[in-house]
2 protein chains.
Amino acid sequence: MTHSPDSGSSLPAGYRTAPFAEDCAPRKLLRLFSAKWVTMILHALHLSGGGSRPGQLLRNLPGLSKKMMTQTLRDLEAKGLVSRHVMAEAPPVVEYRLTALGQCLIEPLEQLYGWGVEHAHILDRID
Amino acid sequence: MTHSPDSGSSLPAGYRTAPFAEDCAPRKLLRLFSAKWVTMILHALHLSGGGSRPGQLLRNLPGLSKKMMTQTLRDLEAKGLVSRHVMAEAPPVVEYRLTALGQCLIEPLEQLYGWGVEHAHILDRID
DNA sequence: CTGCATCCTGGGCGATACTG
DNA sequence: CAGTATCGCCCAGGATGCAG
């Protein structure tokens, strides 16, 4: 018998997991973005043309601690969103760049950022 | 002398606060959305045509506890994103509805949800 | 400059039990 | 059914210090 491509379950179009499940696609995205510094770092890298050095980032993002920066970068690296490049050794020169995957995630992020900027007057009332 | 409308500071177009500041518009939005149940509840209300009863919500969102539901709803209410309507008294019948402001925030949320669904294959690699 | 380890606190959030 | 109050866990994330 012919059965639908999505393993036979009846889910809303496009979904491969229940739309309200903890692990539904949208939630994954939001969970990623909800880490305090993830979006800022992605955005900063993006604005720097896709790559930036740690010191640079630290200076660009007031409030960001060295610990959280490294930690967040490691996390993003593990997820394949940024890549680490060592250029020299003494003194160490490092640069982090957005991977193709990272560039991809920039899209919805910038959309959201854009919306936020455009509707700043609204956001003033929710925080 | 004529001065620019945005109080004279030199910020990127559209911004009224530094793009990297903790309280920049995009960050406010992300902070709101990062609360564990906010987006799910907004989304659920949206799908229910803008209004829903507590029990309904509880049943629709597996994993959501009564406490967190109420707490989140109270929070959203305080921010003017949902409104509370008591219909009867015994037994109590209550309905929560999205306000105009709430409807407004649905826009970027649904965008993000849409993007997430469309790129589920990518999201599988980040979580 | 870059990066890791350690200590510590706040509060988000879940479980449970009780009122009307 | 709707809502509140309490207890307690867990961990994100900030501060500080050391190492290459």
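Side chains included, hydrogens not; waters and symmetry mates left out as well; all remaining heavy atoms used.
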Name all residues meeting the side-chain contact (heavy atoms from CB on, under 4.5 Å) criterion together with B:Thr99; count only those two or more places apart in sequence or in a different chain, and write none if there are none.
B:Ser83, B:Leu101
Does B:Lys36 have any side-chain hydrogen bond (donor to acceptor under 3.5 Å, both in side chains) partners at least two apart in sequence or in another chain, and if so, which?
none
Applying salt bridge (charged side-chain N to carboxylate O under 4.0 Å, His left out) as the test, list every pair that has at least one member in residues 70-85 of chain A; sequence neighbours left out.
A:Arg74-A:Glu77, A:Asp75-A:Lys79
Counterpart residues, side-chain contact (heavy atoms from CB on, under 4.5 Å), relative to A:Pro91 (two or more places apart)
none
Residues which pass side-chain hydrogen bond (donor to acceptor under 3.5 Å, both in side chains) with A:Ser52, listed by chain and number, not counting sequence neighbours:
none
Check side-chain hydrogen bond (donor to acceptor under 3.5 Å, both in side chains) between B:Glu107 and all other residues, then give those that pass, not counting sequence neighbours.
A:Trp115
Contacts of A:Glu118 meeting side-chain contact (heavy atoms from CB on, under 4.5 Å) (sequence neighbours excluded), chain-then-number -> none
Electrostatic pair A:Arg16:B:Asp124 at N-O distance under 4.0 angstrom
yes
Could you state the atom-to-atom distance from CG of A:Leu61 to C1' of D:dG13 in whole Å?
16 Å
Write down the distance between CE (B:Met69) and C1' (C:dT16), rounded to a whole number of angstrom.
16 Å
Residues of residues 73-94 of chain A with any non-hydrogen atom less than 4.0 angstrom from an atom of DNA chain C: list those, numerically ordered, please.
A:Arg74, A:Arg84, A:Pro92, A:Val94
Does any residue of residues 24-57 of chain B have a heavy atom under 4.0 Å from DNA chain C, and if so, which ones, in number order?
B:Lys36, B:Trp37
Test item: side-chain donor near acceptor, B:Arg31 and A:Ser34, under 3.5 Å:
no
Scan nucleotides 5-11 of chain D against the protein and return all N/O pairs shorter than 3.5 Å with their distances rounded to 0.1 Å.
none

From CE of B:Met68 over to C1' of C:dA15, roughly how many Å is that when rounded to an integer?
13 Å
Sorted by first residue and then second, give each salt bridge (charged side-chain N to carboxylate O under 4.0 Å, His left out) pair with at least one member in residues 91-104 of chain A; sequence neighbours left out.
A:Glu95-A:Arg97
Within this structure, what is the CG-to-P distance between B:Leu64 and D:dG3, rounded to whole angstrom?
13 Å
Report the distance from atom NZ of B:Lys66 to atom P of C:dC13, rounded to the nearest whole Å.
19 Å
Between A:Gln71 (CD) and D:dG14 (C1'), how many Å, whole number?
11 Å
B:Gln111: side-chain hydrogen bond (donor to acceptor under 3.5 Å, both in side chains) partners, not counting sequence neighbours
none
